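Bear in mind that the values here come from a model prediction, so they are computed numbers and not experimental data. Chain identifiers are assigned alphabetically (A, B, ...) following the order of the sequence lines, protein sequences preceding nucleic acid strands; residue numbering begins at 1 within each chain.
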Protein chains: 2
Amino acid sequence: MADELADGTPTGTTTLTDVARAAGVGESTASRVLRGHGSFSAKTRESVLNAARSLGYVPNRIAGTLASTGSKLVGIVIPSLSNIVFPDMLRGANTVLVGAGFQPVVAVTDYEQGREETLVESLLSWRPAGMMVAGLEHSERTVAMLRHARIRVAELLDSDGDGIDIVVGYSNREAGGASARHLVSRGYRRIGYVGHDLSRDLRVAKRFAGFRSALAEAGLEVAAEEIIPSSSSIEAGRDGLGRLLGRAPDLDAVYFSNDDMAIGGYFHCLARGIAIPGRLAIFGYNGLDVARAAPQPLSTIRTPRVAVGETGARLVCSDGPPTKIDLGFELIEGATT
Amino acid sequence: MADELADGTPTGTTTLTDVARAAGVGESTASRVLRGHGSFSAKTRESVLNAARSLGYVPNRIAGTLASTGSKLVGIVIPSLSNIVFPDMLRGANTVLVGAGFQPVVAVTDYEQGREETLVESLLSWRPAGMMVAGLEHSERTVAMLRHARIRVAELLDSDGDGIDIVVGYSNREAGGASARHLVSRGYRRIGYVGHDLSRDLRVAKRFAGFRSALAEAGLEVAAEEIIPSSSSIEAGRDGLGRLLGRAPDLDAVYFSNDDMAIGGYFHCLARGIAIPGRLAIFGYNGLDVARAAPQPLSTIRTPRVAVGETGARLVCSDGPPTKIDLGFELIEGATT
DNA sequence: CGAAAAAGTGGCAGCGCTGCCAACAATTGT
DNA sequence: ACAATTGTTGGCAGCGCTGCCACTTTTTCG
């Protein structure tokens with residue numbers, strides 16, 4: 001069927017058959033030319049390409065995928081688009097996937113395991129060539145589906161635990177520990193914590209657990225903590241530190257659940273004239289731009305978020321045995337400790 | 001074919017036919033039950049559902065979509081994942097689309113029109129139910145393809161121009177103008193500009209054009225400008241302002257291409273002890289968290305990025321005539337002007 | 001109580017494409 | 001010149017599912 005009849009009636013879309021007919025060749029020949037696969041003469045090539053162009057042919061990958069088994073889609077499941085970590089990871093993954101001819105399909109869980117299950121199922125129904133998910137903790141059924149799918153599965157941004165197939169990340173637990181040891185080595189002793197809802201984001205919980213246990217090894221404990229019930233933000237960090245200092249004014253350092261929160265704390269101190277690090281030290285997590293560019297660069301831990309996306313994507317596109325890669329992190333000794 | 005033979009040989013995936021056979025019903029009946037569409041007895045329902053569950057059946061939407069014409073995919077094309085604007089818009093769109101049973105497929109152009117064309121073509125080949133693209137400027141072929149596809153097309157985040165079908169955004173030109181008038185009304189006269197690469201991001205160019213022409217109406221012009229050749233960042237803003245002030249130390253206000261840049265400028269002033277706004281006023285664009293939470297809230301323009309995504313998605317999911325919606329913006333009189 | 005309507009069900013033809021195979025044409029080698 | 005290759009090409013059977021239609025039950029109702 002042509003795209004438009006002589007009388008102007010639109011009739012569906014242009015199909016490969018239309019192109020083949022217009023070019024005066026068989027379907028399979030047209031298909032071969034359009035995919036640059038198999039052999040055909042230069043003349044045939046031209047006529048098919050011309051026909052396709054003049055008809056405005058757009059191949060139907062739905063049909064193509066169904067016929068050839070094995071799509072060029074890769075499902076990506078992340079908890080949020082608000083937390084910079086995930087867009088960063090996504091960016092890395094996107095670059096590599098697109099470079100390898102894959103098309104990412106993104107789904108966002110809002111940190112809910114139930115929704116993760118639904119989304120994984122839904123993505124799998126597109127028969128993707130691979131899946132990338134954030135974190136190592138998933139519902140039993142999610143894991144079962146992922147295993148059952150017999151495709152490459154990458155679990156990203158965490159290395160504290162066992163994965164299904166590919167694991168690329170860094171140890172959040174260890175990052176928390178390193179943060180604590182850094183503060184201790186700098187001589188801080190009355191250390192507080194300002195964090196955000198950790199029941200939802202398990203990586204935050206792991207960090208804090210690592211932090212606590214490293215403190216404990218130094219014979220210390222968290223002197224005071226303030227957990228805000230919502231997700232992290234600069235304002236939450238600012239207000240959280242305000243409240244924490246209201247209750248525990250003698251703290252000499254505060255560990256924040258991430259840089260957003262820490263920058264909030266930094267702003268609180270700036271606004272109140274609290275000397276950093278003289279009167280109060282601040283330590284964050286993530287290594288954001290804003291942390292690096294602040295008048296006093298924030299002491300924090302820089303995580304290889306983009307690289308995690310890239311490496312994960314690369315592995316998902318490849319064959320090979322299950323792999324676990326710890327990309328590590330870098331402790332940035334800024335000016336706030 | 002069963003998922004696994006008696007001898008343990010894995011044989012492909014479980015199909016609807018398998019489920020139907022296991023449940024002792026016909027394919028179409030199984031299909032109806034699984035989609036909750038059409039009629040079937042409660043008993044049939046149970047047996048199909050049980051069969052599906054015990055076989056670990058995952059429907060194949062590739063096949064489903066091909067058979068039923070019309071997918072539940074919506075293609076989204078954005079220039080970048082690094083600029084907060086796009087993840088924000090994406091978030092709004094995602095919420096609405098998922099709520100309406102659609103699955104977003106995201107593609108990133110890196111601000112290259114050539115790549116946009118490729119990506120639009122590639123996304124269209126998935127026969128999406130709709131498309132959402134950033135901005136109003138596209139290559140001729142891109143527009144042709146989008147029109148040809150006979151699906152809903154939303155162009156987002158800009159309202160300065162004509163669109164293909166649905167346009168949801170705000171006037172970048174007008175935002176620039178409002179910024180200029182604000183500065184003028186506050187009595188600033190020696191106004192500088194620090195911006196980032198505007199050849200790639202057309203919305204930045206529109207803002208600056210609007211800014212200039214509003215200044216001209218007040219009989220003023222941009223006293224000095226510093227354009228960094230890369231994309232925007234806090235550091236770029238900080239360094240840019242440093243260089244600008246080096247060349248033009250007598251400025252009394254600086255307009256930045258966005259809040260990232262402006263916060264960088266703010267940090268520069270903090271670090272150098274330049275009084276804000278006494279000695280120098282700062283004005284940004286976007287209304288980011290960090291701008292609001294800074295010790296001195298940044299004067300800026302807050303744009304309804306998430307709402308643009310939501311509204312655009314809502315319209316893409318609906319029928320109706322071509323529409324253009326200007327969601328406007330809000331000028332935030334912070335403490336930096 | 002029988003006819004008409006409704007509910008439940010299975011068969012089967014595609015959706016648009018790819019992969020395989022067989023058919024033929026153009027080369028090459030001997 | 002003839003056989004053996006190599007290069008080109010079209011036909012056609014699916015991929016797994018949905019939509020339509022025809023058919024068999026039930027239920028409803030005059």
Side-chain angles (χ1 to χ4, degrees), chain A residues 1-3 11-48 51-52 55-73 122 124-129 149, chain B residues 1-3 11-48 51-52 55-73 122 124-129 149:
Chain A
M1 63 199 102
D3 183 49
T11 56
T13 344
T14 315
T15 71
L16 182 65
T17 314
D18 300 325
V19 176
R21 186 157 31 221
V25 303
E27 291 179 73
S28 24
T29 304
S31 172
R32 261 175 257 131
V33 171
L34 259 9
R35 281 178 301 149
H37 188 289
S39 65
F40 40 80
S41 68
K43 204 181 60 186
T44 307
R45 193 187 121 87
E46 282 319 303
S47 58
V48 170
L55 291 176
Y57 174 67
V58 177
N60 184 335
R61 285 207 216 192
I62 298 280
T65 303
L66 179 62
S68 63
T69 68
S71 78
K72 277 295 201 174
L73 295 173
S122 155
L124 284 177
S125 77
W126 289 104
R127 292 292 184 272
Chain B
M1 64 197 103
D3 183 49
T11 56
T13 346
T14 316
T15 71
L16 183 64
T17 314
D18 301 326
V19 175
R21 186 156 31 224
V25 302
E27 289 181 72
S28 23
T29 304
S31 172
R32 262 175 256 131
V33 170
L34 257 11
R35 280 178 302 150
H37 188 290
S39 64
F40 40 80
S41 68
K43 203 181 62 188
T44 307
R45 192 187 121 86
E46 282 320 301
S47 59
V48 170
L55 291 176
Y57 172 67
V58 176
N60 183 334
R61 286 207 215 191
I62 298 279
T65 302
L66 180 62
S68 62
T69 70
S71 79
K72 278 295 202 174
L73 296 172
S122 156
L124 283 177
S125 77
W126 290 104
R127 293 290 185 273

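Here the side chain of S39(B) is nearest to one of dC17(D), dT9(C), dG16(C), namely dT9(C).
One atom, CG of L66(A), and another, P of dC15(D), lie 9 Å apart when rounded to the nearest Å. Atom-to-atom, CZ of R61(A) to C1' of dG16(D) comes out at 20 Å; the value is rounded to the nearest Å. Note: CZ (R35(B)) to P (dG16(D)) measures 17 Å, nearest angstrom. One can place CZ of F40(A) at 20 Å from P of dT6(D), the figure rounded to the nearest angstrom. One can place CH2 of W126(B) at 15 Å from C1' of dC15(C), the figure rounded to the nearest angstrom. Rounded to an integer number of Å, the gap from L34(A) CG to dC17(C) C1' is 11 Å. When the C1' atom of dT18(D) is taken as reference, atom CG of L16(B) falls 9 Å away, rounded to whole Å. Residue K72(B) contributes atom NZ, which lies 15 Å from atom C1' of dT18(D) at whole-angstrom precision.
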Identify the pairs formed between an N or O of the protein and an N or O of nucleotides 10-12 of chain C at a distance under 3.5 Å, and give each distance.
unit_1: dG10(C); atom_1: OP1; unit_2: G26(B); atom_2: N; d: 3.4
unit_1: dG10(C); atom_1: OP2; unit_2: G26(B); atom_2: N; d: 2.6
unit_1: dG10(C); atom_1: OP2; unit_2: T29(B); atom_2: OG1; d: 2.6
unit_1: dG10(C); atom_1: N7; unit_2: S28(B); atom_2: OG; d: 3.1
unit_1: dG10(C); atom_1: N7; unit_2: R32(B); atom_2: NH2; d: 3.1
unit_1: dG10(C); atom_1: O6; unit_2: R32(B); atom_2: NH2; d: 3.0
unit_1: dG11(C); atom_1: N7; unit_2: S28(B); atom_2: OG; d: 3.3
unit_1: dG11(C); atom_1: O6; unit_2: S28(B); atom_2: OG; d: 2.9

Close N/O contacts between protein and nucleotides 25-28 of chain C (under 3.5 Å):
none

Checklist entry - Which is it for V25(A) and F40(A) under the side-chain contact (heavy atoms from CB on, under 4.5 Å) test, yes or no, and what are the steps along the way? => result CA-CA 11 Å; V25(A) 303; F40(A) 40 80; over 6 Å; no
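Residues L73(B) and R127(B) fail the side-chain proximity criterion, which asks for heavy atoms closer than 4.5 Å.
Contact check, Y57(B) against dG16(D): no side-chain N or O comes under 4.0 Å of OP1 or OP2.
To the nearest 0.5 angstrom, R45(B) atom CZ is 10.0 Å from L34(B) atom CG.
Taking all atoms of both residues into account, the shortest heavy-atom contact from D18(A) to T15(A) is OD2-N, 2.7 Å. Scanning all heavy atoms of the two residues, the minimum distance from T65(A) to W126(B) falls at OG1-CH2, 3.6 Å. Minimum interatomic distance between A51(B) and A22(B) (heavy atoms only, all atoms of both residues): CB-CB, 3.9 Å. In terms of heavy atoms, T14(B) sits closest to V19(B) at CG2-CG2, 4.4 Å. Nearest approach of S31(B) to L16(B), heavy atoms of both residues: CB-CD2, 3.7 Å. Nearest approach of S125(A) to S122(A), heavy atoms of both residues: OG-O, 2.6 Å.
When heavy atoms are screened at a 4.0 angstrom cut-off, S41(A) is found touching the sugar-phosphate backbone but no base atom.
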